[in-house]
Protein chains: 2
Amino acid sequence: MEKRVEILKKHNIRITPQRLGVYEILLDKNKHLTAEAIYRKIRVSFPTISLATVYSILELYYKKHLLNEIRIDFDKSCFDIRTDTHHHFLCKQCAEIYDIDLHPCSALNNKEVDGHLIHELQGYFYGICSKCKDKSNL
Amino acid sequence: MEKRVEILKKHNIRITPQRLGVYEILLDKNKHLTAEAIYRKIRVSFPTISLATVYSILELYYKKHLLNEIRIDFDKSCFDIRTDTHHHFLCKQCAEIYDIDLHPCSALNNKEVDGHLIHELQGYFYGICSKCKDKSNL
DNA sequence: CTTTTAAATAATAATGATTATTGCTTATTT
DNA sequence: AAATAAGCAATAATCATTATTATTTAAAAG
């Protein structure tokens with residue numbers, strides 16, 4: 001059985017071409033896509049798909065823990081197939097989002113802070129990315 | 001000169017009753033208010049104020065670094081007069097937002113991650129707060 | 001203290017991301 | 001192959017935030 005099909009079935013998700021299409025786009029190297037960006041991409045293979053369908057598929061995947069929704073840009077959500085805990089950096093100049101892996105993150109090693117039970121942690125870094133920094137220094 | 005007036009003047013902000021009112025509400029112990037919540041509170045003393053004015057005052061204060069905007073709840077921004085770096089916890093049960101101060105935060109001590117220049121860091125923790133946890137354990 | 005004028009406010013409309021609705025279509029079950 | 005439960009497309013609705021504009025007001029100057 002194909003890998004994508006296998007994963008979706010494992011999570012009790014009914015297989016449809018639209019769902020496979022969205023999943024494939026998410027798997028692509030280009031990460032942190034907005035719903036709108038996914039919509040634009042999937043319309044190449046599914047010209048009649050609607051944006052609402054993209055949202056509903058993303059919501060389904062989120063509930064099944066197949067993706068991570070991040071809101072580093074206040075205006076819109078981005079979606080990421082990486083579901084292990086990691087953080088994000090948003091460049092204020094080029095708007096690119098980078099993954100950030102903090103190795104010895106004290107906050108992550110604890111299950112609690114101030115007596116509160118932690119289920120999830122999102123770290124959002126804002127600044128100027130290395131590429132833009134280099135360009136300014138020319 | 002009154003304290004609030006002094007602070008606003010120091011930041012080259014023209015004094016208006018509406019601005020003083022919003023500032024007073026932000027100073028109140030009840031932190032992390034949404035624009036809507038601030039609007040509801042200030043209408044007691046300024047019944048004709050409009051929500052757009054509240055937003056414009058908040059934007060002004062943000063640009064002058066008099067407040068911090070957080071987006072721990074995806075749906076709406078919250079505003080906080082604490083401008084020093086600290087993090088936040090959102091209880092999934094009661095929706096209360098708590099301040100989190102991480103003492104030895106490795107991420108904060110650095111000015112860079114992966115070669116990117118950090119200007120700002122927002123840490124959002126999600127889970128069950130101590131109060132709700134205690135209630136469940138009765 | 002009045003006049004001036006540049007900025008702030010109120011009222012309202014517009015925007016834009018996300019969600020809800022509904023009738024038709026498709027995937028699984030019988 | 002028929003039945004049925006779920007998914008989809010199209011579209012409308014929602015809701016936070018932003019833009020617009022005419023009116024009002026705060027600060028500066030006379």
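Source: prediction; values computed, not measured. Basis for what follows: all heavy atoms, side chains included, without hydrogens, waters or symmetry-related copies. Here is the naming used below: chain letters follow the sequence lines, and residue numbers restart at 1 for every chain.
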Any chance you could lay out the side-chain contact (heavy atoms from CB on, under 4.5 Å) test for A:K111 and A:L117, step after step, and finish with the verdict? CA-CA 6 Å; A:K111 304 253 161 52; A:L117 223 81; over 6 Å; no

Whole-Å distance between [N] [atom2] and [X] [atom1]?
X	N	atom1	atom2	answer
A:I38	C:dT18	CD1	C1'	14 Å
A:F46	C:dT26	CZ	P	13 Å
B:Q18	C:dA11	CD	P	11 Å
B:R14	C:dA8	CZ	P	6 Å

Given B:Y23 and B:Y61, is the side-chain contact (heavy atoms from CB on, under 4.5 Å) satisfied, shown in steps? CA-CA 9 Å; B:Y23 198 76; B:Y61 287 175; 3.7 Å; yes

For A:P47, which contact category applies under a 4.0 Å heavy-atom criterion: base, sugar-phosphate, or nothing? nothing

Identify whether any heavy atom of B:T34 sits under 4.0 Å from a base atom; if not, whether one sits that close to sugar-phosphate; answer base, sugar-phosphate or nothing. nothing

Among C:dT18, C:dT28, C:dA10, which nucleotide has an atom closest to any side-chain atom of A:A35?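 The closest nucleotide is C:dT18.
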
Give a yes-or-no answer on whether the side chains of A:D80 and A:H86 include a donor-acceptor pair shorter than 3.5 Å. yes

Hey, are A:H87 and A:D101 close enough side-chain-wise for a donor-acceptor pair under 3.5 Å? no

In terms of relative ring orientation, are B:Y124 and A:Y124 parallel, tilted or perpendicular, with 30° and 60° separating the classes? perpendicular

Could you check whether the rings of B:H116 and A:Y98 sit parallel, tilted or perpendicular, using 30° and 60° as the cut-offs? tilted

Sorted by number, the residues of residues 49-75 of chain B with heavy-atom contact under 4.0 Å to DNA chain D: B:L51, B:A52, B:Y55, B:R71, B:D75

Euclidean distance, [Y] [atom2] relative to [X] [atom1], rounded to 0.5 Å:
X	Y	atom1	atom2	result
B:I42	B:L26	CD1	CG	9.0 Å
B:Q18	B:S45	CD	OG	10.0 Å
B:L33	B:R40	CG	CZ	9.0 Å
B:I100	A:D114	CD1	CG	4.5 Å

Tell me, which stems hold DNA chain C, with a stem being 3 or more Watson-Crick or G-U pairs in a row and both distances under 3.5 Å? C:1-30 with D:1-30

Nucleotides bounding contact with chain A, strand DNA chain D, heavy-atom threshold 4.0 Å: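 Here the contact window of chain A covers D:dA6 to D:dT11.
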
Report yes if at least one side-chain N or O of B:T16 is closer than 4.0 Å to OP1 or OP2 of C:dA7; otherwise report no. no

Looking only at side-chain N and O atoms, does A:S77 come under 4.0 Å of OP1 or OP2 in C:dA17? no

Check this for me, if you would: do B:E6 and B:K10 make a salt bridge, where the nitrogen-to-carboxylate-oxygen distance has to be below 4.0 angstrom? no

